[in-house]
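As the structure is a computational prediction, the values presented were derived from the model and not from experiment. For the numbers below, each heavy atom of this structure counts, side chains included, while hydrogens, waters and symmetry mates do not.
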Amino acid sequence: RQADMEALHPPPAFSEDQLDRRFKDRRKWNVLWISIDTLRADHVGHLGYSRPVTPNLDRLARGAATFTRAWAPYPSSQLSMASMFTGRYPTATALYAKRDQSDRVTAPFDDVFFAEQARQAGSQTAGISSLSDDLYADYFSYLADGFETFTTSGSSETSTADVITERALRAINSFDERPWFSWIHYFDPHAPYTSHADFEFGDEPIDRYDSEIAFCDAHLGRLLEVMRARPDWDRTIVIVHADHGEEFLDHGGLHHASS
């Protein structure tokens with residue numbers, strides 16, 4: 001049993017002192033963590049997709065490290081996000097044991113999430129989620145752990161990318177000169193899919209899905225444009241990822257959470 005626990009929670013590869021010597025300014029760095037819900041890797045331009053749906057993400061990738069052999073830890077948001085914020089396999093998170101048969105969860109949670117670690121290290125923290133108030137209350141209340149401020153849509157509907165970008169910029173602009181960590185959650189590629197006038201690719205579900213990706217990318221681009229003009233851009237780490245993908249009968253199913 002002890003060996004199993006050590007395998008699930010291995011010691012860090014480097015000590016705090018080693019990291020400080022290698023990266024002398026690391027305690028001054030900001031972290032901008034961007035999650036794009038339900039985004040398939042093979043619908044991203046710099047990863048080989050033919051439709052021009054992610055020009056802003058592609059621009060960011062040209063000057064960044066891209067991980068092409070990375071997999072979501074779980075095929076749906078609840079456990080995938082718990083895993084990404086704890087660095088643990090989904091079944092090793094406290095959340096896994098807290099779910100009832102309908103996947104609803106209740107606080108408190110025993111895991112220490114990344115936002116709490118950042119806050120304890122002296123960073124300012126803000127989380128901006130697209131989730132509706134109902135989704136948050138029933139399935140995702142753990143996400144707020146460690147954030148000094150955390151916002152959901154404020155209604156029974158999820159927020160769109162234009163709204164999320166505005167809220168993200170307000171939150172980031174409210175920070176002072178101390179390091180900060182901000183999590184930004186875009187939800188647009190998640191079903192149901194809406195076709196946007198400036199990004200029309202057809203009438204099929206996968207066409208509307210691509211329209212949602214393009215709409216989201218446009219507002220991600222607005223966020224990155226403002227960030228690049230900030231004086232702290234050179235000490236800001238930007239992470240962009242998806243919590244899981246989406247299926248369009250690739251394996252006989254639709255949407256996600258089916259594997």
Checklist outcome for this item: The ring pair (Phe, Tyr, Trp, His ring centres under 6.0 Å) partners of F201 (sequence neighbours excluded) come to none
Next on the checklist: Looking only at side-chain N and O atoms, does T236 offer a donor or acceptor that is under 3.5 Å from a partner on N30?
Outcome noted: yes
Item to check | By ring pair (Phe, Tyr, Trp, His ring centres under 6.0 Å) - contacts of H219 (at least two apart) | outcome: F215
Checklist entry - Taking W33 as the fixed residue, which of F114, Y186, W180 is the one that meets the ring pair (Phe, Tyr, Trp, His ring centres under 6.0 Å) rule? => result F114
Checklist entry - What's the shortest heavy-atom distance between T125 and G146, and which atoms? => result OG1-O, 3.2 Å
Item to check | salt bridge (Lys or Arg N to Asp or Glu O under 4.0 Å) contacts in which one or both residues fall within residues 189-209, not counting sequence neighbours | outcome: R51-D207
Item to check | Distance-only side-chain donor-acceptor flag, T160 / D162, under 3.5 Å | outcome: yes
Next on the checklist: To check you understand the geometry: which heavy-atom pair defines the closest contact between S174 and A171, and what is its length?
Outcome noted: OG-O, 2.5 Å
Next on the checklist: Once you measure the plane-to-plane angle for F150 and F147, does it fall in the parallel (<30°), tilted (30-60°) or perpendicular (>60°) bin?
Outcome noted: tilted
Checklist entry - Listed by chain and number, what are the ring pair (Phe, Tyr, Trp, His ring centres under 6.0 Å) partners of W29, not counting sequence neighbours? => result F23
Could you give the side-chain donor-acceptor pairs of residues 54-61 under 3.5 Å, partners two or more places apart or in another chain?
unit_1: T54; atom_1: OG1; unit_2: G45; atom_2: N; d: 2.8
unit_1: T54; atom_1: OG1; unit_2: D58; atom_2: OD1; d: 3.0
unit_1: T54; atom_1: OG1; unit_2: D58; atom_2: OD2; d: 3.3
unit_1: N56; atom_1: ND2; unit_2: D217; atom_2: O; d: 3.1
unit_1: N56; atom_1: ND2; unit_2: D217; atom_2: OD2; d: 2.9
unit_1: D58; atom_1: OD1; unit_2: H46; atom_2: N; d: 2.9
unit_1: D58; atom_1: OD1; unit_2: H46; atom_2: ND1; d: 3.1

Checklist entry - How would you list, by chain and number, every residue that makes a ring pair (Phe, Tyr, Trp, His ring centres under 6.0 Å) with Y96, sequence neighbours excluded? => result none
Next on the checklist: Please determine whether a side-chain nitrogen of the Lys or Arg among R228 and E225 lies less than 4.0 Å from a carboxylate oxygen of the Asp or Glu.
Outcome noted: no
Checklist outcome for this item: Scanning both residues in full, the closest heavy-atom pair of P205 with Y193 reads O-CD1, 3.6 Å
Checklist entry - Judged by modelled atom types alone, do D243 and S35 share a side-chain donor-acceptor pair under 3.5 Å? => result no
Item to check | For the student: nearest non-hydrogen atoms of W183 and M84, plus distance | outcome: NE1-CE, 3.8 Å
